[in-house]
Participant: 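Structure below; questions to follow.
These numbers were taken from a predicted model, which means no experiment stands behind them. Whatever order the structure lists ligands and atoms in, that order sets their numbers, starting from 1. The basis for the numbers below is simple: all heavy atoms, side chains too, and nothing from hydrogens, waters or symmetry mates.
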Amino acid sequence: MLQMLLHSLSLLCSLTTTTPPQAPADSGGVIIVIPPVSNDTGIKQIPDAAHPWVAPGPGDQRGPCPGLNTLANHGYLPHNGIVSFEQIVTAVGEGFNMEHDLASALAGFAMLARGNAYLDLVSIGGESPLIPVLPDEIDGPNPPGGLAKHGRFEGDVSMTRQDAAIGDNVNFQDSLYDELLLYTGQFGDDSPVTGNRSIVTTKVMQEFKYARFLEDQVRNKVLEYHVGRLSLSYGEAAFVLNFFANGTTGTLSQQTMGSFLRNQTFPDNWFRKSSPGNLTFIASSATEILLAHPVAAGANNANGSYILDAPLPVCSAPYYNLAVQNLPASLNNATGILARNVITLVQAIAKPFGCPPVAPAGPVGV
Ligand code: HEM
Ligand SMILES: *[C@@H]1O[C@H](CO)[C@@H](O)[C@H](O)[C@H]1NC(C)=O
Ligand SMILES: *[C@@H]1O[C@H](CO)[C@@H](O)[C@H](O)[C@H]1NC(C)=O
Ligand SMILES: *[C@@H]1O[C@H](CO)[C@@H](O)[C@H](O)[C@H]1NC(C)=O
Ligand SMILES: *[C@@H]1O[C@H](CO)[C@@H](O)[C@H](O)[C@H]1NC(C)=O
Ligand SMILES: *[C@@H]1O[C@H](CO)[C@@H](O)[C@H](O)[C@H]1NC(C)=O
Ligand SMILES: *[C@@H]1O[C@H](CO)[C@@H](O)[C@H](O)[C@H]1NC(C)=O
Ligand SMILES: *[C@@H]1O[C@H](CO)[C@@H](O)[C@H](O)[C@H]1NC(C)=O
């Protein structure tokens, strides 16, 4: 344990104090710069006239994130779904009022987990010819998989996508969405405008998320629900409640939810969240969903029994699991612009957790 601690501390020092060596192979690399905090963070109608919905074409990348897919369909992100760190942070701020540091942490994790941090490009869908293998094949010989690739970021017990081991983990699944509608019809609030039991509430998510866990624990022989994925999955349920809600009322109708999840389009007459949604806010909403039916981090063993993980004695278990245990250790071997970008992004991921940045220590090429 002490050795692990010392290891983390020495990596922390190297991350925060060392200037990486400049390599000659740097021409073509893009230096990643965290965008400034926007001063435009109030309520407003989205989309504006400059961002109409345009259906994705055959070559356009779309993936497991309904938020990013919607932004790309409306041109807040490049329509082809090949995006930079800065474009993600700006687009989720503009479209959904996701707060700057939370957006930077998610975008930084996306870039390091499934993108090319040398070129500052990640696919919001699958592998793309526009995103080549990393310099020196530092994360193995294959091109980055994009956000659709299972593991590291995309994981089990999603709401509207199947587990990778069971079915389609990338595209919207009617059967799962029908289940969410069933829970809405049973536990939702009434609205004189959109109908009785049409308002998607925390209670709906509490019941639906627990049902999804129980289903996948039985159906998915290789279910993995470690603390990083567990936190992200409850965070994503909180995204639905808080970022898809109409900002004028803070409530989410079933019709609006369908527009985002099924059609991946902003509804007519929709207003974004009225103040920036940060990690503290989302974590507290996610915790409220979880605590109705607590589920602890773990994974199925070969016999299909759910085995709990040992607690991680670290600053933040979700941060450590995702950014240290899930990101390839080989990134520490980077030089030049890639090394510089790795440091920028690792720091951006750690920031909203209030934790010291720790260097990636996970498996390579997975
Ligand atoms: C800031 C950058 C973001 C990144 C890099 C990102 C990435 C992802 C990824 C990789 C997944 C798949 C996880 C899985 O279920 O296996 C996901 C799911 C999800 N994302 Fe995002 N996302 C971002 C922002 C947002 C925003 C702003 C929203 C909402 C406005 C959003 C809403 C969701 C929802 C609801 C899911 C879960 C879908 C489901 O379970 O069916 N995301 N995101
Ligand atoms: C934000 O700052 C820009 C200048 O950087 C200014 O033009 C704009 O009016 C400001 N917007 C708001 C909403 O304060
Ligand atoms: C909604 O519920 C109220 C009271 O439970 C009932 O009076 C009303 O008829 C219902 N409205 C619809 C459209 O079903
Ligand atoms: C989704 O799009 C279809 C086809 O354009 C439309 O008929 C339907 O009303 C839309 N649903 C929602 C919830 O926006
Ligand atoms: C959002 O709320 C405003 C004000 O109540 C309303 O006019 C608008 O129709 C709502 N939009 C949606 C998509 O529910
Ligand atoms: C996060 O958002 C909450 C709710 O809006 C706010 O009270 C809090 O000050 C914010 N925290 C940080 C660290 O920005
Ligand atoms: C699965 O069950 C068998 C029989 O009870 C046992 O011998 C084996 O150790 C179990 N495997 C795991 C991975 O727990
Ligand atoms: C880093 O590079 C050294 C020297 O080439 C190599 O031995 C080591 O395995 C690399 N580490 C990782 C995690 O790839």
Side-chain angles (χ1 to χ4, degrees), residues 34-49 51-53 66-67 69-71 73-74 76 89 92-108 180-182 184-204 231 234-235 237-289 315-316 318-319 347-357:
I34 313 249
V37 177
S38 170
N39 63 351
D40 169 21
T41 57
I43 193 164
K44 67 174 166 183
Q45 192 172 346
I46 301 288
D48 59 21
H51 296 89
W53 187 82
N69 291 347
T70 299
L71 291 166
N73 289 340
H74 284 267
Y76 285 104
V89 174
V92 300
E94 175 69 11
F96 292 107
N97 217 349
M98 181 181 273
E99 179 264 350
H100 176 269
D101 290 359
L102 171 57
S104 300
L106 283 169
L180 174 50
L181 292 183
L182 216 64
T184 305
Q186 199 176 344
F187 297 107
D189 281 353
D190 295 345
S191 157
V193 181
T194 52
N196 286 351
R197 302 257 187 245
S198 70
I199 302 296
V200 187
T201 57
T202 297
K203 172 77 177 161
V204 171
S231 307
Y234 282 88
F239 287 0
V240 170
L241 290 179
N242 297 290
F243 286 125
F244 290 160
N246 190 357
T248 51
T249 57
T251 59
L252 174 67
S253 70
Q254 176 191 303
Q255 291 84 346
T256 289
M257 181 170 74
S259 176
F260 285 114
L261 290 179
R262 181 194 291 281
N263 288 10
Q264 310 195 119
T265 178
F266 288 102
D268 290 340
N269 252 314
W270 183 86
F271 294 76
R272 73 179 188 188
K273 195 177 177 310
S274 59
S275 65
N278 60 30
L279 178 63
T280 312
F281 170 78
I282 289 300
S284 97
S285 174
T287 303
E288 196 186 354
I289 297 167
C315 171
S316 156
Y319 164 72
Q347 288 173 342
I349 301 168
K351 188 178 179 194
F353 293 93
C355 289

Participant: Is there at least one pair of N or O atoms, one from Asn278 and one from ligand 6, spaced under 3.5 Å apart?
Facilitator: yes
Participant: Quick one: does atom 4 (C) of ligand 6 have a protein heavy atom under 4.0 Å from it?
Facilitator: no
Participant: Is the closest N or O pair between Asn196 and ligand 3 shorter than 3.5 Å?
Facilitator: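 Yes; at least one N/O pair falls below 3.5 Å.
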Participant: Quick check, are the ring centers of Phe239 and Phe260 under 6.0 angstrom apart?
Facilitator: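 Centroid separation for Phe239 and Phe260: 6.0 Å or greater.
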Participant: So with a 6.0 Å cut-off around NZ of Lys273, is the heavy-atom count from everything else above 12?
Facilitator: yes
Participant: Quick check, are the ring centers of Phe281 and Phe243 under 6.0 angstrom apart?
Facilitator: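 Distance test on ring centres: not under 6.0 Å, no.
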Participant: Are any of the N or O atoms of Thr249 closer than 3.5 Å to those of ligand 5?
Facilitator: no
Participant: Is the shortest distance from atom 13 (C) of ligand 3 to a protein heavy atom below 4.0 Å?
Facilitator: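 No, no protein heavy atom sits under 4.0 Å from atom 13 (C) of ligand 3.
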Participant: Mark yes when over 12 heavy atoms from residues, nucleotides or ligands other than Asp268 sit less than 6.0 Å from its CG; otherwise mark no.
Facilitator: no
Participant: At a 4.0 Å threshold, what atoms of ligand 5 neighbour a non-hydrogen atom of Thr248?
Facilitator: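 Listed by number with element, the hits are 1 (C), 2 (O), 3 (C), 4 (C), 5 (O).
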Participant: Side chain to side chain contact (heavy atoms under 4.5 Å, CB included) with Thr184: which of Asp189, Val204, Thr201?
Facilitator: Val204
Participant: For atom 7 (O) of ligand 6, decide whether some protein heavy-atom distance is shorter than 4.0 Å.
Facilitator: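 So far as the 4.0 Å threshold goes, atom 7 (O) of ligand 6 is out of reach of every protein heavy atom.
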Participant: First locate atom OG1 of Thr256, then atom CD1 of Ile199, and finally report the distance between them rounded to the nearest 0.5 Å.
Facilitator: 8.5 Å
Participant: Would you mind listing which atoms of ligand 5 come within a distance below 4.0 Å of any non-hydrogen atom of Asn246?
Facilitator: 1 (C), 2 (O), 3 (C), 8 (C), 10 (C), 11 (N), 12 (C), 14 (O)
Participant: From atom 11 (N) of ligand 5, work out which of Asn269, Thr194, Asp268, Val193 has a heavy atom at the shortest distance.
Facilitator: Asn269
Participant: Just verifying a value: how many Å separate Asn246 CG and Ser274 OG, rounded to the nearest 0.5 Å?
Facilitator: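 Spacing of CG (Asn246) from OG (Ser274) equals 10.5 Å.
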